[in-house]
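Heads up, the thing below is written out as structure tokens.
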Amino acid sequence: MVMVYKPKKPRFSLSPTQKNVLFLCVILAIVLVCFFLYHERMNLLPQNPLPPVPANAKYRDKSATVEERTTDLLARMSLDEKIGQMALVEKNSVLEPTDIASYGIGALLSGAGAKPADNTPRGWLTMVENFVESSKTSRLGIPIFYGVDAIHGHTNVPGATVFPHAIGLGATNDSALVGNVASATREEMLATGIYWNFSPNLDLPEDIRWGRTYETFSDSATRTAELARASVEGFQGTTEQGKPKRALSTLKHYIGVGSMAWGSSSNKNFHIDQGTTPPEEEVLRDTYLPAFKEGVNGGAGSVMVGLNTWGDTKLAAEGYLITDVLKKELAFQGFVVSDWYGVYEIPGGNYKAAVTAINAGVDMVMLPFDYKTFIANVRYAVSHGEIAESRIDDAVRRIICIKFELGLFDADTQQSAPLEVIGSAPHRAIARKAVSESLVLLKNNEQTLPIKPGVRHIVVAGSSADNVGRQSGAWTVEWQGIDGNWLPGGTSILEGIRRRAGKELEVTYDLHGEFASDTPRADIGIAVVGEPPYAEGWGDNNTLTLSKEDLTTIENVKKRSRKTVVIIVSGRPLMISKELPAWDSVVAAWLPGSEGEGVADVLFGDTPFTGTLPLPWPDHIGQLPIAPSGRTADGTSLLFPRFFGLKK
Ligand code: BGC
């Protein structure tokens with residue numbers, strides 16, 4: 001029998017057209033499912049309309065306690081309203097002004113240099129008032145916080161008093177003065193309706209090649225801790241119960257920032273900034289924690305976590321350090337805020353990063369670019385049990401509690417100091433005193449300084465002599481500062497010298513010290529040299545030398561004068577050991593700010609030299625980093641030790 005193969009007839013078969021239709025249907029179904037899933041996450045508005053809040057709600061009652069008001073408000077908030085409070089949005093990223101109320105955003109910031117179109121004190125006030133008014137139109141009427149980096153005065157605002165950068169305040173080691181600087185800064189901020197300052201900086205720079213060295217008080221844990229407390233109390237006007245009274249300060253950057261190794265930065269443009277902190281916990285506890293402890297004891301209402309990595313964990317993901325150490329051990333009651341894009345540097349994508357940071361204890365997330373995805377992601381995480389609602393409640397309670405403490409719900413107007421305090425004479429006087437106390441006399445052959453009454457002619461030169469931008473450093477009007485002589489109300493060091501010199505004493509100036517050959521040899525030549533402004537990792541620098549131009553200027557000045565005084569305007573020690581023997585006097589002036597007359601006060605002996613080095617002054621780059629004990633990396637001797645400073 002012959003078997004004939006007879007193919008089975010398929011039960012059904014599709015024609016080519018049917019196949020195409022089916023294919024399209026499958027694609028459409030996939031698209032619809034994706035859309036549904038995306039929509040489920042991104043569906044932000046509108047939710048079921050929530051009931052309006054009665055006018056007599058307890059949280060609106062000024063006579064109720066902060067605790068009662070906070071509890072009442074929290075109980076009325078929807079999940080979305082709570083998550084909104086955890087968002088700190090860069091003001092230029094707000095897509096629609098109405099978003100502030102619609103999303104119940106908790107806070108806005110001016111990222112460095114983010115200014116209003118009308119960049120004047122009044123323009124700032126109007127901008128902030130408008131934002132706050134928008135926030136108050138939300139269902140619950142919760143006012144936003146507005147935050148800025150007023151790290152050496154309210155210096156985003158042209159015309160504000162520019163105080164010395166923190167490294168100069170560290171050189172003063174005068175906690176009463178640091179408190180006065182902080183409270184004057186607060187008053188200038190309040191005049192523009194701003195209550196939140198991302199300051200003080202409590203980092204400890206072990207390696208001065210780091211571009212943020214000048215933002216710190218010192219590399220000494222003890223000196224930093226003392227000044228931390230004074231700064232917080234001065235800025236906040238802390239109450240006896242340790243609560244912020246008039247404004248909110250931020251201890252930053254928690255923790256270990258300043259100990260990062262050269263070359264460890266996670267940012268390809270930088271070398272140290274955003275780098276890795278050594279893994280030993282004892283180092284963090286013994287060296288870095290004391291200043292935060294003092295700041296917390298001083299009542300600081302917020303703490304910013306750093307952009308550094310500890311071991312292999314980004315700080316914003318460090319649950320042990322944030323929750324166990326800071327919140328539990330130090331009993332920190334305020335809120336923890338993340339720094340810039342730091343949360344999203346936690347690996348695993350934006351969703352995982354936000355979940356990890358919030359679970360680690362971050363209460364408010366800084367969002368320089370996008371807030372909608374953040375809010376959607378957190379909502380999704382809560383509804384899927386990846387973040388407990390109790391964690392959200394804890395974060396929001398911490399935030400709104402401080403808004404009540406500061407009276408933000410009750411204020412009729414946002415402004416609580418007059419515009420006239422900005423750059424006012426009393427504030428400039430505090431800054432001038434801070435400048436004179438910050439100067440450190442490093443060398444003074446034959447008592448060249450102070451300038452004696454008999455001196456009749458001085459020559460002045462140098463890149464920082466007549467440049468208020470350079471003497472103010474970065475974080476002044478622009479993030480990277482201004483290299484030039486523009487700053488309303490500022491006085492350059494040259495101008496300060498001229499005013500003090502009066503008619504009796506002739507002052508001849510040339511930028512490069514190229515004085516006419518018939519200029520008679522002056523009694524004293526003053527070369528004011530140093531660093532141009534820089535901020536953050538853009539200032540990471542592996543040489544730290546004076547520029548060729550500066551060195552030539554000093555030579556020119558030397559030729560035209562009997563004695564040469566070199567004033568170094570810089571955010572950190574520079575390598576001067578080779579040139580030092582040829583100079584008669586040397587003064588470290590740090591970044592003194594707008595009041596150049598403070599330098600003249602000391603040069604002419606109206607006030608004495610009292611400043612001492614806030615950190616060791618290396619002899620050469622190979623000595624870096626310098627350990628907290630003062631030991632150099634190569635074991636050789638420093639040029640000047642920490643706390644050095646001649647009196648005359
Ligand atoms: C800095 C912080 C600062 C924040 C907001 C970040 O780049 O690291 O110190 O507070 O920007 O301007």
Side-chain angles (χ1 to χ4, degrees), residues 87-93 106-115 124 144-157 165-167 185 189 194-205 210-217 228 231-232 235 247-258 260 265-267 269-275 277 291-292 295 300-309 314-316 334-345 357 362 364-369 371 473-481 533-540 571:
L88 166 58
V89 182
E90 208 291 316
K91 71 117 181 151
N92 287 335
S93 302
L108 294 184
L109 82 143
S110 271
K115 39 191 164 286
W124 275 83
I144 49 153
F145 270 130
Y146 198 97
V148 290
D149 292 279
I151 64 172
H152 65 141
H154 190 19
T155 51
N156 280 295
V157 180
H165 265 293
I167 198 72
T185 302
M189 285 176 58
I194 299 177
Y195 286 73
W196 187 12
N197 189 359
F198 307 136
S199 174
N201 182 320
L202 308 183
D203 305 336
L204 303 173
W210 182 35
R212 302 191 78 160
T213 300
Y214 63 84
E215 286 186 50
T216 71
F217 289 123
S231 175
V232 168
F235 184 76
L248 169 63
S249 80
T250 305
L251 311 178
K252 71 185 188 185
H253 304 84
Y254 186 78
I255 185 177
V257 180
M260 302 85 67
S265 179
S266 59
N267 182 324
N269 295 310
F270 302 163
H271 302 282
I272 295 193
D273 196 35
Q274 303 179 15
T277 294
F292 284 90
S302 66
V303 170
M304 187 185 289
V305 285
L307 295 169
N308 55 325
T309 300
K314 277 274 163 194
L315 247 292
F335 64 89
V336 172
V337 61
S338 62
D339 187 5
W340 203 243
Y341 206 57
V343 160
Y344 293 128
E345 283 162 11
V362 171
M364 189 184 264
V365 175
M366 201 184 285
L367 299 163
F369 311 116
Y371 45 100
W475 303 90
T476 310
V477 183
E478 300 294 342
W479 177 42
Q480 294 292 328
Y534 52 82
E536 301 195 21
W538 300 110
D540 289 352

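Whatever order the structure lists ligands and atoms in, that order sets their numbers, starting from 1.
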Please tabulate, one line per pair, the protein nitrogen or oxygen atoms found under 3.5 angstrom from a nitrogen or oxygen of ligand 1, with distances to 0.1 Å, or say none if there are no such pairs.
{"unit_1": "ligand 1", "atom_1": "7 (O)", "unit_2": "E536", "atom_2": "OE1", "d": "3.2"}
{"unit_1": "ligand 1", "atom_1": "7 (O)", "unit_2": "E536", "atom_2": "OE2", "d": "2.9"}
{"unit_1": "ligand 1", "atom_1": "8 (O)", "unit_2": "R212", "atom_2": "NH1", "d": "2.7"}
{"unit_1": "ligand 1", "atom_1": "8 (O)", "unit_2": "D339", "atom_2": "OD1", "d": "3.4"}
{"unit_1": "ligand 1", "atom_1": "8 (O)", "unit_2": "D339", "atom_2": "OD2", "d": "2.6"}
{"unit_1": "ligand 1", "atom_1": "9 (O)", "unit_2": "R212", "atom_2": "NH2", "d": "2.9"}
{"unit_1": "ligand 1", "atom_1": "9 (O)", "unit_2": "K252", "atom_2": "NZ", "d": "2.9"}
{"unit_1": "ligand 1", "atom_1": "9 (O)", "unit_2": "H253", "atom_2": "NE2", "d": "2.7"}
{"unit_1": "ligand 1", "atom_1": "10 (O)", "unit_2": "D149", "atom_2": "OD1", "d": "2.6"}
{"unit_1": "ligand 1", "atom_1": "10 (O)", "unit_2": "K252", "atom_2": "NZ", "d": "3.2"}
{"unit_1": "ligand 1", "atom_1": "12 (O)", "unit_2": "D149", "atom_2": "OD2", "d": "2.5"}

- Query: Which residues satisfy the side chain to side chain contact (heavy atoms under 4.5 Å, CB included) test with A535, sequence neighbours excluded?
  - Reply: Y214, A474, W475, W479, Q480

- Task: Using side chain to side chain contact (heavy atoms under 4.5 Å, CB included) as the criterion, list what pairs up with A107, not counting sequence neighbours.
- Result: L88, F145, W196, M364

- With D339 as reference, evaluate V305, L307, V365 under the side-chain contact (heavy atoms from CB on, under 4.5 Å) test and give the passing residue. L307

- Query: What are the two closest heavy atoms between Q274 and M260, and how far apart are they?
  - Reply: N-CE, 4.4 Å

- Item | Partners meeting salt bridge (charged side-chain N to carboxylate O under 4.0 Å, His left out) with D149 (sequence neighbours left out) | K252

- Verify the distance criterion only: is there a donor paired with an acceptor across the side chains of N308 and T277 at less than 3.5 Å? yes

